[in-house]
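The block underneath contains the structure these notes are about, expressed in structure tokens.
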Amino acid sequence: MKRFSLFLVSASLAVAPAGAQDSPSPDPFANPQIREIQQRLNQGVDGDAQAVKDLVADLQKMIKADPNNHLLVAYLGSAYTLRSRDAWIADKMKYLKKAEYTMNEAVAADPGNAAVRFVRATTMYHLPAFFGMKDEARSDFKQLLGQIEGADPPAFNLKTQQAVYYYAGLSFYQTDKRDEARAAWKKGISLDGQSELGAAMQKRLERLGG
């Protein structure tokens with residue numbers, strides 16, 4: 001199986017916004033436990049197979065202690081994709097199926113949880129196209145944008161919101177929806193054009209022809 005990576009913009013999701021030390025952010029990705037999980041997942045993305053095995057084992061324990069924490073379940077599914085990457089050929093599809101089942105289970109249990117859906121969407125975006133999950137990722141991102149722009153948006157800080165727009169644009173572009181990609185990146189830039197993600201979206205727009 002082709003080696004793939006999962007990168008959830010650690011600078012956006014794993015770092016709390018300025019001032020968060022004094023007043024904790026309600027953004028679930030700023031939660032210290034989730035920040036640590038993301039950092040460990042990034043170790044796995046960088047090729048540390050043992051870090052992935054350890055993370056899977058620890059997430060299973062965390063979920064056993066807190067079975068209603070669906071974000072943990074989504075991260076477990078995401079970690080399974082990296083186990084699939086590192087596994088022997090005979091076990092690769094087994095872990096990938098576990099990954100899909102686990103992430104789908106998390107979303108089904110809490111369909112309105114934008115953080116859970118974002119983890120599934122970004123994970124599926126990064127999987128090779130032959131696994132057939134690109135359309136589902138795009139559908140997730142469409143729903144996420146609807147939530148962010150709706151009457152009752154999720155408690156995402158500015159950086160996380162921009163990460164959603166950034167990845168939504170990538171997913172739309174990946175599935176040949178260029179107008180939708182352009183619209184997502186323009187909206188993301190409007191939130192903060194001077195940020196790292198704002199600059200990244202601007203470059204994407206320039207390559208797309210504005």
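The chain is numbered in sequence order, starting from 1. This one's a predicted model, so the numbers in the text were calculated from it and none came from an experiment.
- At least one side-chain heavy atom of Pro154 sits under 4.5 Å from a side-chain heavy atom of Ile148.
- Within the 3.5 Å criterion, the main-chain N or O of Pro153 finds no donor-acceptor partner in the side chain of Gln147.
- Listed here is the closest heavy atom pair of Arg83 and Val56: CG-CG2, 3.7 Å.
- Nearest heavy atom pair, residue Ala74 against residue Val119, reads O-CG1, 3.7 Å.
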Verify side-chain contact (heavy atoms from CB on, under 4.5 Å) between Gln33 and Met62, making sure each step is shown before the conclusion. CA-CA 10 Å; Gln33 180 190 46; Met62 292 177 199; 3.7 Å; yes
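- Partner of Phe141 under the side chain to side chain contact (heavy atoms under 4.5 Å, CB included) criterion, out of Leu170, Thr175, Thr122: Thr122 alone.
- When only modelled atom types and interatomic distance are considered, Gln38 and Tyr75 share a side-chain donor-acceptor pair under 3.5 Å.
- At a threshold of 4.0 Å, the pair Asp58-Arg40 counts as salt-bridged, since one of the basic side-chain nitrogens sits closer than that to a carboxylate oxygen.
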Is there a side-chain contact (heavy atoms from CB on, under 4.5 Å) between Asp46 and Asp48 once you walk through the steps? CA-CA 6 Å; Asp46 290 338; Asp48 190 336; 6.0 Å; no
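- One hydrophobic cluster holds both Leu208 and Tyr165 under the rule that ILVMFWY side chains link at heavy-atom gaps under 4.5 Å.
- A tilted orientation is assigned to the rings of Phe29 and Phe156, their planes being inclined by 30° to 60°.
- The OG1 atom of Thr160 sits 7.5 Å away from the CZ atom of Phe118 when rounded to the nearest 0.5 Å.
- When all heavy atoms are compared, the tightest approach of Tyr166 to Ala200 is CE1-CB, 4.0 Å.
- Heavy atoms only, all atoms of each residue included: Ser195 and Gly198 are closest at OG-N, 2.9 Å.
- Side-chain N or O atoms of Gln161 include none that pairs as donor or acceptor with a backbone N or O of Leu191 at under 3.5 Å.
- Atoms CE and CE, on Met103 and Met124 in that order, are 4.5 Å from each other to the nearest 0.5 Å.
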Check step by step if side-chain contact (heavy atoms from CB on, under 4.5 Å) holds for Gln162 and Met201. CA-CA 9 Å; Gln162 282 200 301; Met201 286 185 276; 3.9 Å; yes
Show your working on side-chain contact (heavy atoms from CB on, under 4.5 Å) between Val73 and Leu59 and close with a plain yes or no. CA-CA 8 Å; Val73 177; Leu59 282 168; over 6 Å; no
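- Within the 4.5 Å cutoff, side-chain heavy atoms of Asn104 are placed close to those of Glu100.
- Between the CG atom of Asp27 and the CG atom of Asn157 there is a distance of 4.0 Å, given to the nearest 0.5 Å.
- Between Ala137 and Ser171 the shortest heavy-atom distance is C-OG, 3.8 Å.
- Using a 30° and 60° split on the angle between ring planes, Tyr173 and Trp185 fall in the tilted class, from 30° to 60°.
- From His126, atom NE2 reaches atom CD of Gln174 across 8.5 Å, with rounding to the nearest 0.5 Å.
- Every pair passing salt bridge (charged side-chain N to carboxylate O under 4.0 Å, His left out) that includes a residue from residues 131-142 is listed here, sequence neighbours excluded: Arg117-Asp140, Arg120-Glu136, Arg120-Asp140, Asp135-Arg138, Lys142-Glu180.
- When atom types are taken as modelled, the side chain of Lys92 and the backbone of Arg85 share a donor-acceptor pair closer than 3.5 angstrom.
- By the criterion of side-chain heavy atoms lying less than 4.5 angstrom apart, applied directly or through intervening Ile, Leu, Val, Met, Phe, Trp or Tyr residues, Phe131 is not grouped with Tyr101; the two fall into different hydrophobic clusters.
- The only option from Leu72, Asn42, Asn31 that meets the side chain to side chain contact (heavy atoms under 4.5 Å, CB included) definition with Ile37 turns out to be Leu72.
- Checking side-chain atoms of Thr102 against main-chain N and O of Ala99 turns up no donor-acceptor pair under 3.5 Å.
- With rounding to the nearest 0.5 Å, the separation of CZ in Arg207 from NZ in Lys203 is 7.5 Å.
- Residues that satisfy the ring pair (Phe, Tyr, Trp, His ring centres under 6.0 Å) test with Tyr95, not counting sequence neighbours, are absent from this structure.
- The CG atom of Leu76 sits 4.5 Å away from the CD1 atom of Ile63 when rounded to the nearest 0.5 Å.
- No donor-acceptor distance shorter than 3.5 angstrom exists from the side chain of Asp91 to the backbone of Lys94, with no hydrogens or angles considered.
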In sequence, state the C-alpha distance, the side-chain angles, and the governing distance for Gln50 and Asp54, and then conclude on side-chain hydrogen bond (donor to acceptor under 3.5 Å, both in side chains). CA-CA 6 Å; Gln50 188 59 50; Asp54 293 343; 2.9 Å; yes
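- In this structure, Ala79 and Leu41 approach most closely via the heavy-atom pair CA-CD1, 4.0 Å.
- Within 6.0 Å of the CD atom in Gln194, the count of heavy atoms belonging to other residues, nucleotides or ligands does not exceed 12.
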